[in-house]
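One structure is given below, encoded as structure tokens.
When a ligand or atom number is given, it counts from 1 through the structure's own listing order.
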Amino acid sequence: MPQPDPFRTLLAGQLRQAFDDDRDADTFLLRLDRYGPELKASLQATYGDAAPALMDRLLELMLHAYHARPADLKRLDEARLLSPDWLQEPGMLGYVAYTDRFAGTLKGVREHLDYLQNLGVTYLHLMPLLQPRPGENDGGYAVADYRAVRSDLGSMDDLSALAADLRARGVSLVLDLVLNHVAQEHEWARQARAGDPTYREYFHVFPDRTVPDAFERTLPEVFPDFAPGNFTWNEEAGGWVWTTFNTYQWDLNWSNPSVLAEFVDIILHLANRGVEVFRLDAIAFMWKRLGTDCQNQPEVHHITQALRACARIVAPAVAFKAEAIVAPADLIHYLGTGEHHGRVSDMAYHNSLMVQLWSSLASRDTRLFAGALRAFPPKPTSTTWGLYVRCHDDIGWAISDADASRAGLDGAAHRHFLSDFYSGEHPGTFARGLVFQFNPQTGDRRISGTAASLAGLEDALESGDPRHVEAAVRRLLLLHAVTLGFGGLPLLYMGDELALLNDHSFADIPEHAADNRWVHRPRMDWERAADAQANPGTPHGRVNAGLRHLIGVRQGLPHLHASIESHAVPSPDPCVLLLRRDHPQGVMLAAYNFSEHTIDFPAWALRDHLGDHARDHIAATAFNLGGGTVTLEPYRALWLTQS
Ligand code: GLC
């Protein structure tokens, strides 16, 4: 029999005194037993000798937060522990919106809950809404106070009330947690500038260019256009401050244990307000190491493990989503590989899938797509992908030279083609996008634009040609079908359910004018929402109805549980992508025609996976695969199972 650990017995004795209720004490101690070792290990790996003192500090913060956790959230914790795969279920659907652009205020959002529920939403990501710096603030990603809500949107109490309303309807509230940087107006940065050595240690400040120049040799630029370089001189601080993103976003020094303690406290505080999922913003950049690109460093995963262990002890209902827009081989570690398996983020953005959707749509060729998926490392079965057609950010052509050459393409030339295509420069293109952050050194041109404008609806409506409109509607529904049919958590970007077009008025708002990502962050058009229902034959009505239909079908397909992977299988036609899912309830095969042509697709290519008889769940039709060919109309999507 294992000997009781004397330290643990002592700790348990002391901790019990901190509780009135024995059951509460038991719960806390059990969770500490479960997650304490991984917390300690990650602190040790990151902070070495400073780890034990940090552990004591965290224990105090956790006890405090556990006591403060409201009863209904403790109940949610229990419920989630009973359904650890809640994020993977096919009924989950995300919606991503700016509070003000969607409904004015947090109270306004509460008035639109029927709309969201009616769409099937179970996960609501409200874009950055914590108090940002005044003026330009990178869409709220420059946070000045993590404990206050942007005053024009409401208060912390409004946020809790909204979270409670959402919870009652089975919808999880998701917020951004900006980890890499704070606004230069944040109290910590103010104190640092005022000369307080404690807070100066929260940042990376260098007296001269020696260290910054050494780092710059291997650092890429995130915003080469409006914020070149990674360091900004600050007169008051008398030094060069690390600013990966905009000059007013000060990178935090995560090698300082106090920064970790601050964020544990912030996470638990917000979790007790009802936040269920944290989107770990710009997580890849948190740890700096000379001679590297300062992304994806091993310490990032140790730190995430520590943050998650604390969240699991106090608020196990909480999940983490990593926002790491990095290469697949790096990305997979954010979902937990090796020693971090099952211990870091529950979810990560599948940026590559999004990029490949747009790439195949432009080239009418899915070979690069299929090859990239085949080369993708498998994800841990307990995690899920965040799947999206568009988000609030630009599209960067994250297509590796290796993937391109496997598909017989030159990487640089293909990326160049995609930028031309989506900026509207390529002859015959249907897309209307804008170039974001042209980098003359690398030739990179990222792209802004709403899904509808990039898929050709803006151009088609202007042309007045109904065939173009038809094609654009079909393209949009194809893209949604792939993300909804991939097995993960689809994240609908606000307005895409109504095919909202580019908002060219963004340039009228001085704080937005320089950042054309605002072209695809339009205001919600509630009239159009009503019209889509009233006039289902309009382009936005058709996209809306088609999308709702796909969402409904998906909810009833157990094959789409995210624990199972989608595998690209060989397709005899380059225009058609075939994705196979091996679910215990049977094989599911999805077929997607990425071209405007009607294709006579060889039936054997489907029969090999499904046998002679299949059912397409989208059109609710039976398919006899015994014959020679199956007709695939332009941009047609099939979700087939054996019948
Ligand atoms: C993330 C956000 C992006 C923001 C950046 C800096 O990438 O998605 O909008 O500019 O982080 O916080």
Give me the pairs of N or O atoms, one from ligand 1 and one from the protein, that sit under 3.5 Å apart.
residue	atom	partner	partner atom	Å
ligand 1	7 (O)	Glu323	OE1	3.3
ligand 1	7 (O)	Glu323	OE2	2.9
ligand 1	8 (O)	Arg279	NH2	2.9
ligand 1	8 (O)	His392	NE2	2.9
ligand 1	8 (O)	Asp393	OD2	2.4
ligand 1	9 (O)	His392	NE2	2.9
ligand 1	9 (O)	Asp393	OD1	2.8
ligand 1	9 (O)	Asp393	OD2	3.4
ligand 1	9 (O)	Arg517	NH1	3.3
ligand 1	10 (O)	Asp138	OD1	3.0
ligand 1	10 (O)	Asp138	OD2	2.7
ligand 1	10 (O)	Arg517	NH1	3.2
ligand 1	11 (O)	Asp281	OD1	2.8
ligand 1	11 (O)	Asp281	OD2	3.2
ligand 1	12 (O)	His181	NE2	2.9
ligand 1	12 (O)	Asp281	OD2	2.9

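A cation-pi arrangement is not found for Arg445 relative to Phe436, the charged atom failing to lie both closer than 6.0 Å to the ring centre and inside a 45° cone about the ring normal.
Remark: Trp86 pairs with no residue by the ring-ring contact (aromatic ring centres under 6.0 Å, His included) rule, at least two apart or across chains. By the ring-ring contact (aromatic ring centres under 6.0 Å, His included) test, Tyr123 is found to be paired with no residue, residues two or more places apart in sequence or in another chain being considered. For Arg517, the side chain to side chain donor-acceptor pair (under 3.5 Å) partners two or more places apart in sequence, or in a different chain, are Asp138, Asp393, Asp515.
With Thr450 contributing its side chain and Leu500 its backbone, the two residues share a donor-acceptor pair below 3.5 Å.
Atom CZ of Arg289 and atom CZ of Phe215 lie 9.5 Å apart (nearest 0.5 Å).
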